[in-house]
4 protein chains.
Amino acid sequence: MVILIQCKDSIGLVAAIAQVIYESNSNIIAMREYVDIAASRFFARIEIQEATNTEALKARLKQVLPSDADIHINPSPDKKIVVFVTKEYHCLSDILVRNYFKTLGASVECVVSNHAVLEDICKRFDVPFHCISHEEKSKVDFENELHEIINNYQPDYLVLAKFMRILSADFVERYPFKIINIHHSFLPAFIGANPYKKAFDRGVKLIGATAHFVTNDLDEGPIITQQTIPVNHSFTANDMVRSGKEIEKAVLAKALQYVFEDRVFTYENKTVVFE
Amino acid sequence: MVILIQCKDSIGLVAAIAQVIYESNSNIIAMREYVDIAASRFFARIEIQEATNTEALKARLKQVLPSDADIHINPSPDKKIVVFVTKEYHCLSDILVRNYFKTLGASVECVVSNHAVLEDICKRFDVPFHCISHEEKSKVDFENELHEIINNYQPDYLVLAKFMRILSADFVERYPFKIINIHHSFLPAFIGANPYKKAFDRGVKLIGATAHFVTNDLDEGPIITQQTIPVNHSFTANDMVRSGKEIEKAVLAKALQYVFEDRVFTYENKTVVFE
Amino acid sequence: MVILIQCKDSIGLVAAIAQVIYESNSNIIAMREYVDIAASRFFARIEIQEATNTEALKARLKQVLPSDADIHINPSPDKKIVVFVTKEYHCLSDILVRNYFKTLGASVECVVSNHAVLEDICKRFDVPFHCISHEEKSKVDFENELHEIINNYQPDYLVLAKFMRILSADFVERYPFKIINIHHSFLPAFIGANPYKKAFDRGVKLIGATAHFVTNDLDEGPIITQQTIPVNHSFTANDMVRSGKEIEKAVLAKALQYVFEDRVFTYENKTVVFE
Amino acid sequence: MVILIQCKDSIGLVAAIAQVIYESNSNIIAMREYVDIAASRFFARIEIQEATNTEALKARLKQVLPSDADIHINPSPDKKIVVFVTKEYHCLSDILVRNYFKTLGASVECVVSNHAVLEDICKRFDVPFHCISHEEKSKVDFENELHEIINNYQPDYLVLAKFMRILSADFVERYPFKIINIHHSFLPAFIGANPYKKAFDRGVKLIGATAHFVTNDLDEGPIITQQTIPVNHSFTANDMVRSGKEIEKAVLAKALQYVFEDRVFTYENKTVVFE
């Protein structure tokens, strides 16, 4: 069982939390704690052996923590996700394979796309596929259709696994810190469309990928993880796209692992990730 | 002996070049060749055993190559550099140590700084140090003083090893593709001042460094090499500065090696680097 | 069209080869050449625009090259492979996905396993699956069954994608430099079984994976590519296994790309890889 | 102030420690805690604001911890080291530069070498240099001379910065977990002499370096940190040596930082490193 705590920092927090857990007869298997001194914020992730009563533990923690404390107890690792894609298969396939072999840490409830090309791979894995075209309709209408599907599944997270439509502020606000995107550059370099083309034109010697939570500012949400790999002068823009796909799927997989294992906090447009 | 050739691409160039070298009784130890098909540019780096006559070889190559051919024959590896610094020691010290042990691939003629703090380390290595303050004078006057010193040494390259003044267009134009800078970010992210502060504020999960030739556009010149290293939420901006220094000195050292070994071509604000 | 040449080194080889190609009215798109000076071996990979006559080109090259020259002209990128697995899905799935989306650079003719657990994933991708148990039979009999299946498909390469049986010398000799294995360590560290357990016991701070051609010496064949990733004290042996799988599938994918794109030479138990 | 605690694991340890620190009116700036469940060992590193009384704090901690608890309170970051070298300058110079600029985290009391070639660089930094030849004397005599010098300085650690003599068991036992070595391979690959030659002969595609504590088993002591970098077929053994030096000095610098900042525990021939 994992306990996540975020609150204003104050003296004695670790002692207080550890005492409560000790009194609940639980053993701490792993504890990670971090204080952002400048922001005076306290973060803790505690893994304990199964507790008898989640509600009682939460109530007891509330008593000893500052009033602003955000306490999240996850009694089970089962999470549900909806995956959004457009035409590229590499991130989706990686997710579908892990989902099929039960190593994703979440279950893929369905896949939503504005194109039909990835329908077959979803069918092969018996995952529902919903094709919602964005053409010949307003963004509001398009997103309402998305909402409707999402509502049917009640997912914990939406995963944008190379979904090439920009979501509206209204849409994003309905899922605060619940939308995870993979961007095909080492942000903040190359925000927006065609990052590999921009990388090629700039003559960079490395390309990268960034997994982040989606906020209203395009590609500006809190970064979960990111990586780079070397390229050289002989790479065409297409070569960069091809190499980049390998890192995109690796970075997204890593970010999803962190999120699904309850290792990620968000605050001030940043993340704390207890790897 | 190293031969560098850049020209318009055309059919049969490799055969023509190889034939000329064969006829000069030289053996090719290593040959690297690259064609930018989109730009129709041909690049070759050929390492041969010592030739008897550099001028004759160049003349013969001119005959068989397109008229725009840029042929550079470097009969000796001896290059001279002037190093510019401000207050940070890590890149300079790395250069001074390699210079002292004759593994830099160039000789440090002198060090120029707008502050005095690095004078002692230069003295310890018997390298002339010139302190030229930028204060209480115009940029033109400041740069004229720099020019004067540079002229005394006739260096092949100017190395900005954490020199924190922005050079004017006039200054830069006098040393086309002869000024190498280390920038403390993975460009094009975080152009300009205080990149680590910006990286910290953005909450990135990696930081980097970029060595590039200086042009009139700030931090926009052709990139020679760049690298990144992971950081996490626990890094303060100062921690990023500290970690970043390790990679800055490594990236600059690598770029200098490439340049001093005649492995770098520039064109269209990009580099071809035969590693 | 790709031309691979390996032969004894001698003066003028590049000129001779380039001249032959020029005379065949082909344009060199990319040429990579390497001489192992100590071994006096010459290697070249030349990519040219489609030639009219492969046989004529090969004959002409033979005339100008040393008599020991090994010339390989690959007029088409179509290769066939048979994949061997045991129980782990990660490498196989990655191959099956690329195969399905036609980006593998080869076609998976069938999958052979000594266990049945991966049959379903193969069926989902319409790839024939042959379960050949190794139990209650001699190694000779087991391998004869493998041969029989392989013979039905006439593959260019056998890919051991986490196949946990050691193949006999007799078997390996029938497929010289045609068997590619992924080993779950940075060879030559941790040869043989249970490398992650050994890595855990040794307290290493990085783990790795190695793709190599299989020879009669266990895990001693020519290395194609290898990578490492950091681990730390908090990793159990199982955590290393989990993290290692990510790098195993990446390393195998990279090695297969090199091999299928005709970028790999073997000699003296080493490889030359023109990346 | 840093507190290091290692002891048998038991329930409530974090609560007990945090309570003691809370009662001492100290604030925890950072706390890292790890339990090796298999070994039932508990490790904690606590950074607190300056305490009034180190002895009282230690006594109070002893009361609440298991009787086997190893408690180490470091009231000051000042550490003293003696550096051992042979002929290679890269690691030593890096240490001398950091020492000179007060960023090493320890002070270099002197440098000891069995050759004279690095005397001049030490003199330039005003660091005492002792040349103790190993020739024409027994190992016992040689090491007795080393002991004598070491005794004069009373260092906290001995740093073998490319010291090419193997120390005897007797010598090593006098400095348990106090001798730090940089080995020029990714251990456990290429134990012993000439690792780059062995790496070259094996045709590896990456080389590395390992910093470890020295024990009686050659190159088998607890690993502190290690890294690798890619190489390819074009690297001669000497090229590997040259590239390897860059990573050797980086790995040793990182290991020294961890040790000097009291981030490293040793147990069972492994380390726990709170990075």
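The structure displayed is predicted, hence computed values, not measured ones. Naming: A, B, ... by sequence-line order, numbering from 1 per chain.
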Tell me the residues of residues 195-207 of chain A whose non-hydrogen atoms fall below 4.5 Å from those of chain B, in number order. A/F200, A/D201, A/R202, A/G203, A/V204, A/K205, A/L206
Chain A contacts, top residue of B/F186, B/F265, B/F190 (heavy-atom pairs, under 4.5 Å): B/F186
With a 4.5 Å cut-off on heavy-atom pairs, point out which of B/N232, B/D36, B/T271 contacts chain A the most. B/T271
Side-chain donor or acceptor of A/H233 paired with backbone N/O of B/V273 under 3.5 Å: yes
Just give me the residue among A/G208, A/A189, A/S185 that pairs up with chain B most often, heavy atom to heavy atom, under 4.5 Å. A/A189
B/I166, CD1 atom: more than 12 neighbouring heavy atoms under 6.0 Å: no
So for A/I224, is it side chain, backbone, both, or neither that comes closer than 4.5 Å to the heavy atoms of chain B? backbone
Does any backbone or side-chain atom of A/E268 lie under 4.5 Å from a heavy atom of chain B? Answer side chain, backbone, both or neither. neither
Can you tell me how far CZ of B/F43 sits from OG of A/S234, rounded to the nearest 0.5 angstrom? 12.0 Å
